[in-house]
Amino acid sequence: MKFPGQRKSKHYFPVKTRDPLLEQLTQQPQPFATYISGIDQTLVDIEAKVEDELLSRYGLPKGNSTLINDEQAHRLYTELKIHGLISDEFAGGTIGNTVHNYSILADDRSVLFGVMSQNIEVGSYAYRYLCNTSSKVDLNFLQPVDGPIGRCFTLISECGERTFAISKGSMDKLTPEYIDKDVIQGSSALVLTAYLMRASDGDRITDAAMCAIEYAKAAEVPVVLTLGTRFLIEEDPQWWQNFIKEHVTILAMNEDEGEALTGSRDPLLASEKALEWCDMVLTTAGPIGLYTAGYTEDSEKRETVHTLLPGAIPEFNRYEFSRPKLKNDCETPIKVFAHISPYMGGPEKIGNTNGAGDGALSALLHDLAANTFHKTNVPGSSKHKRDGLCYSSFSQVCKYANRVAYEVLAQHSPRLSRGLPEREDSLEESYWER
């Protein structure tokens, strides 16, 4: 596993760096491998520039998201292909993006549960999905289905308005029988999206997700939930609050989803409110940057050397150098918050806003898995005398998540094609040393 982020640390990482004398005297076991697992609706994002006439013909309200059936999806795709209107095709899905990015950053394994077309033709949707997924993502546990995976058409009008047409295909057909208990319980985290909780028409992906959650909770594996869209949350925020309180360890959301869940427009106050139901929160807030929030033990808190920030909670970042902990592991838990503005002010030109939140979450997951990796392979390290949920502090997780989000924003694909550069090619090298 690669080290999460790019800063100097007195705690040796990776674990191969050992005292040469001790290495001769003791037989070292093979490093214990860590991984994360996730469940997703496997789908392909198809982007095309179209005229309003096409939207009218297919009955797609401009600027809205509409479900279409497989036949309509096939006709639409064929027409777009024939007229050369398709600009990009990407493997998609919130969790698919997240585990892919995790494997790119960590240079290590992740496991994805979902469905995949049993018969795959060159150039098909399923073929595109596999081609655009890192080889480090273990796809051996996908459930074979007779039919296409999901397709999400992003149709861009001349005025720039985006209209979405979604064909579910068989993406919600995952059943609990294809959730491997040993894989879930051996992972460093289980990652889910809110979309999984809304299956319909006899589809069983919700049952599969709940099965995985029960396996994870039985083995004390952190359950990570990303909210996905405000429209889903605002239908019944109380239901989601109860669900998070009962099942979720770490919550990822943007400011709109945070408002739908908590009723607070301020992302900092929304993050604080969400801590009533979970142990840690990652909130992305567009041009404002991003926040992390969570708990630490009062006796282990560490004050920041950065400027204390104003906000709805005055000087909220005072203890951002503390490491996140599970609330139940704290004798005297205190809330800790950290914030960071967009890296280098954000890209000069944003290639794509889709996937920036997934990129930020993958960085947090990398840090969480690195903690498991280091704790297992170097159990005597002073790093683990006081156990934490993550390897790094709230502040460092903020910086790492922010840097990865920038990388996604600066490109067109929602998935990273390479890890972060070994050294930054700008004056912002000092970013990692702050």
Side-chain angles (χ1 to χ4, degrees), residues 4-5 98 222 224-228 230 233 240-241 244 248-296 301-325 327 333-346 353 355-368 388-390 392-406 408-409 431 434:
T98 301
V224 183
L225 177 72
T226 178
L227 293 184
R230 71 167 299 152
I233 305 305
W240 286 105
Q241 292 169 16
I244 293 165
V248 175
T249 311
I250 298 174
L251 180 67
M253 60 188 185
N254 63 27
E255 73 274 31
D256 293 329
E257 295 150 9
E259 182 183 14
L261 180 69
T262 68
S264 177
R265 182 61 187 166
D266 186 299
L268 177 59
L269 292 180
S271 300
E272 182 190 34
K273 182 71 174 176
L275 287 179
E276 294 179 15
W277 313 308
C278 62
D279 295 280
M280 188 175 182
V281 181
L282 171 69
T283 304
T284 54
I288 298 173
L290 60 83
Y291 296 83
T292 52
Y295 292 95
T296 200
K301 63 182 183 288
R302 293 179 58 209
E303 284 206 39
T304 185
V305 298
H306 300 162
T307 303
L308 295 177
L309 300 175
I313 303 172
E315 301 181 346
F316 64 86
N317 66 318
R318 180 178 291 277
Y319 299 115
E320 66 181 356
F321 279 15
S322 308
R323 280 174 74 198
K325 291 175 73 80
K327 186 179 181 181
I334 62 169
K335 292 178 180 177
V336 180
F337 306 92
H339 168 265
I340 194 162
S341 298
Y343 176 73
M344 293 178 66
T353 56
D358 303 336
L361 178 57
S362 66
L364 188 158
L365 290 168
H366 183 196
D367 200 275
L368 183 151
L389 181 59
C390 295
S392 309
S393 66
F394 286 93
S395 175
Q396 286 288 356
V397 170
C398 254
K399 282 197 284 187
Y400 189 27
N402 189 45
R403 180 65 185 86
V404 175
Y406 172 92
V408 175
L409 287 169
Y431 175 84
R434 288 199 304 234

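Side chains included, hydrogens not; waters and symmetry mates left out as well; all remaining heavy atoms used.
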Any non-hydrogen side-chain atom of Pro324 less than 4.5 Å from a side-chain atom of Val336?
no
Any donor-acceptor N/O pair, Asn402 side chain to Ser341 backbone, under 3.5 Å:
yes
For Thr307, is there any backbone N or O sitting under 3.5 Å from a side-chain donor or acceptor partner on Asn317?
yes
Side-chain touch Tyr319/Ile334, heavy atoms, less than 4.5 angstrom
yes
If you take all heavy atoms of Gln241 and Leu261, which pair is closest and at what distance?
NE2-O, 2.9 Å
Could you tell me which non-hydrogen atom of Ser392 sits nearest to which non-hydrogen atom of Asp367, and how far apart they are?
OG-OD2, 2.5 Å
Which heavy atom in Thr284 sits nearest to a heavy atom in Ala360, and how many Å separate them?
CG2-CB, 4.2 Å
Which is it for Met280 and Cys390 under the side-chain contact (heavy atoms from CB on, under 4.5 Å) test, yes or no, and what are the steps along the way?
CA-CA 10 Å; Met280 188 175 182; Cys390 295; 4.1 Å; yes
Could you measure the distance from the CZ atom of Arg323 to the CD atom of Gln396? Nearest 0.5 Å is fine.
12.5 Å
Identify the heavy atoms of Cys278 and Ile244 that sit nearest to each other, and give their distance.
CB-CG2, 3.9 Å
For Asp256, does its backbone N or O pair with a side-chain atom of Glu259 as donor and acceptor, under 3.5 Å?
no
To the closest 0.5 Å, what do you measure between CD (Glu257) and CH2 (Trp240)?
11.0 Å
Test side chain to side chain donor-acceptor pair (under 3.5 Å), reference His306, set Glu320, His339, Arg318, output is Glu320
Start with the C-alpha gap between Val281 and Leu275, add the side-chain angles, then the distance that decides, and say whether side-chain contact (heavy atoms from CB on, under 4.5 Å) holds.
CA-CA 7 Å; Val281 181; Leu275 287 179; 3.8 Å; yes
Rounded to the nearest 0.5 angstrom, the OH-CG distance for Tyr291 and Leu269 is 9.0 Å
Give the minimum heavy-atom separation between Thr98 and Ser362, together with the two atoms involved.
O-CB, 3.5 Å
Full working for side-chain contact (heavy atoms from CB on, under 4.5 Å) between Phe337 and Thr283:
CA-CA 11 Å; Phe337 306 92; Thr283 304; over 6 Å; no
Gap separating the CZ atom of Phe316 from the OG1 atom of Thr304, nearest 0.5 angstrom:
10.5 Å
Report the distance from atom CG of Asp266 to atom OG of Ser271, rounding to the nearest 0.5 Å.
8.5 Å
Do Glu255 side-chain atoms and Arg265 backbone N/O form a donor-acceptor pair below 3.5 Å?
no
Taking Ser322 for the side chain and Arg302 for the main chain, is one N or O donor matched with an acceptor at less than 3.5 Å?
yes
Output, in order, the C-alpha distance, side-chain angles, deciding distance and verdict of side-chain contact (heavy atoms from CB on, under 4.5 Å) for Leu364 and Ile250.
CA-CA 10 Å; Leu364 188 158; Ile250 298 174; 4.0 Å; yes
With a 6.0 Å cut-off (strictly less than), is the heavy-atom count around CZ of Arg230, excluding the residue itself, greater than 12?
yes
Shortest non-hydrogen separation from Glu303 to Phe321 and the atoms involved
O-CD2, 3.7 Å
Point-to-point distance, once rounded to the nearest 0.5 Å, from CG of Asp279 to NZ of Lys325:
11.5 Å
